[in-house]
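Note that the numbering runs from 1 along the sequence shown for the chain.
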Amino acid sequence: MDIDYAIRKDEPPVITDTSTAVEIILYERWERSNRLIVMFIKTKIATDLHGSVEQYENVKDLLKVIDAQFVTLDKALASTLIMKFSSLKHTSMRGVREHIMQMRDIAAQLKNLEVDMS
């Protein structure tokens with residue numbers, strides 16, 4: 001079906017009266033792929049992002065906007081994890097092993113977000 005064609009290839013020149021048959025076919029192929037993938041992405045994204053992505057009709061621009069939204073979400077998650085890590089205290093109700101495992105889990109999540117913990 002070649003749905004990802006618009007993601008892999010740049011937008012070809014717009015069809016004009018002087019366009020060749022090959023140029024017309026390539027543009028129509030790109031335009032169909034772009035339309036389908038934009039429609040698919042808009043139906044699958046979270047409703048919180050709908051307002052910021054509705055005006056985009058080019059899949060590459062749409063993906064850039066969505067990526068920018070997730071960078072913000074990653075920063076918020078990293079901040080939350082750092083706060084959780086710094087406020088984590090050992091209690092006698094849990095063992096030392098569970099406490100260390102919880103700290104390692106938070107540190108691993110921060111490492112995935114490219115936040116270095118010494």
Side-chain angles (χ1 to χ4, degrees):
M1 288 185 54
D2 226 9
I3 291 178
D4 63 339
Y5 184 78
I7 296 173
R8 291 183 289 123
K9 303 289 184 179
D10 291 331
E11 182 176 3
V14 179
I15 299 172
T16 63
D17 294 338
T18 60
S19 297
T20 65
V22 174
E23 290 173 335
I24 293 171
I25 291 171
L26 284 176
Y27 184 81
E28 288 175 351
R29 180 179 178 193
W30 182 90
E31 195 277 327
R32 179 180 184 276
S33 171
N34 183 65
R35 189 172 19 88
L36 289 173
I37 198 75
V38 166
M39 185 176 21
F40 179 77
I41 290 172
K42 286 182 179 180
T43 61
K44 297 297 179 187
I45 61 172
T47 55
D48 299 342
L49 299 176
H50 275 280
S52 61
V53 300
E54 283 300 321
Q55 67 269 17
Y56 293 94
E57 296 301 323
N58 186 320
V59 69
K60 288 186 179 183
D61 295 338
L62 179 62
L63 289 175
K64 285 177 188 174
V65 169
I66 292 171
D67 189 43
Q69 292 287 332
F70 281 104
V71 168
T72 305
L73 293 175
D74 285 348
K75 288 180 181 178
L77 176 60
S79 175
T80 302
L81 288 171
I82 290 170
M83 293 295 289
K84 186 176 179 181
F85 186 84
S86 64
S87 65
L88 194 61
K89 295 180 181 177
H90 177 261
T91 61
S92 60
M93 299 297 282
R94 296 181 314 167
V96 173
R97 182 178 188 278
E98 287 83 16
H99 178 72
I100 293 171
M101 294 301 289
Q102 188 174 13
M103 290 179 72
R104 288 186 70 193
D105 180 51
I106 294 171
Q109 290 178 34
L110 286 168
K111 187 174 183 176
N112 287 341
L113 295 172
E114 298 177 359
V115 176
D116 294 328
M117 296 289 292
S118 57

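Every side-chain contact (heavy atoms from CB on, under 4.5 Å) that M101 has, sequence neighbours left out, goes to R97. Every residue meeting the side-chain contact (heavy atoms from CB on, under 4.5 Å) condition with H99, not counting sequence neighbours, appears here in chain and number order: L88, H90, R94, M103. Residues that satisfy the salt bridge (Lys or Arg N to Asp or Glu O under 4.0 Å) test with K60, not counting sequence neighbours, are D10. E31 is linked by a salt bridge (Lys or Arg N to Asp or Glu O under 4.0 Å) to R35, counting only residues two or more places apart in sequence or in another chain. For A78, the side-chain contact (heavy atoms from CB on, under 4.5 Å) criterion is met by L110, L113, V115, not counting sequence neighbours. Under the side-chain hydrogen bond (donor to acceptor under 3.5 Å, both in side chains) criterion, T18 pairs with T16, not counting sequence neighbours. Under the side-chain contact (heavy atoms from CB on, under 4.5 Å) criterion, I25 pairs with no residue at all, not counting sequence neighbours.
With hydrophobic clusters built from ILVMFWY side chains whose heavy atoms lie under 4.5 angstrom apart, I41 shares a cluster with V65. Hydrophobic clustering (side-chain heavy atoms under 4.5 Å, transitive across Ile, Leu, Val, Met, Phe, Trp, Tyr) keeps Y27 apart from V59.
The distance from the CG atom of N34 to the CD1 atom of I3 is 12.0 Å, given to the nearest 0.5 Å. To the nearest 0.5 Å, the span separating CD on E28 from CD on E23 amounts to 12.0 Å.
Across all their heavy atoms, Y56 and V38 have their closest contact at O-CG1, 3.9 Å. Nearest heavy atoms, L81 versus I106: O-CG2, 3.6 Å. The two residues V14 and S19 have their closest heavy-atom pair at O-OG, 4.1 Å. Between A6 and S33 the shortest heavy-atom distance is N-OG, 2.9 Å.
Proximity of a side-chain donor or acceptor of T80 to a complementary backbone N or O of A76 within less than 3.5 Å is detected.
Between D4 and I37 the shortest side-chain heavy-atom distance does not fall below 4.5 Å.
Identified under the salt bridge (charged side-chain N to carboxylate O under 4.0 Å, His left out) test for residues 98-115, with sequence neighbours left out: none.
Other members of the hydrophobic cluster containing L26, listed by chain and number, are Y5, V22, W30; membership follows side-chain contacts under 4.5 Å among ILVMFWY residues, whether direct or relayed. I100 belongs to a hydrophobic cluster with V96, counting contacts under 4.5 Å between side-chain heavy atoms of Ile, Leu, Val, Met, Phe, Trp and Tyr, direct or through other members.
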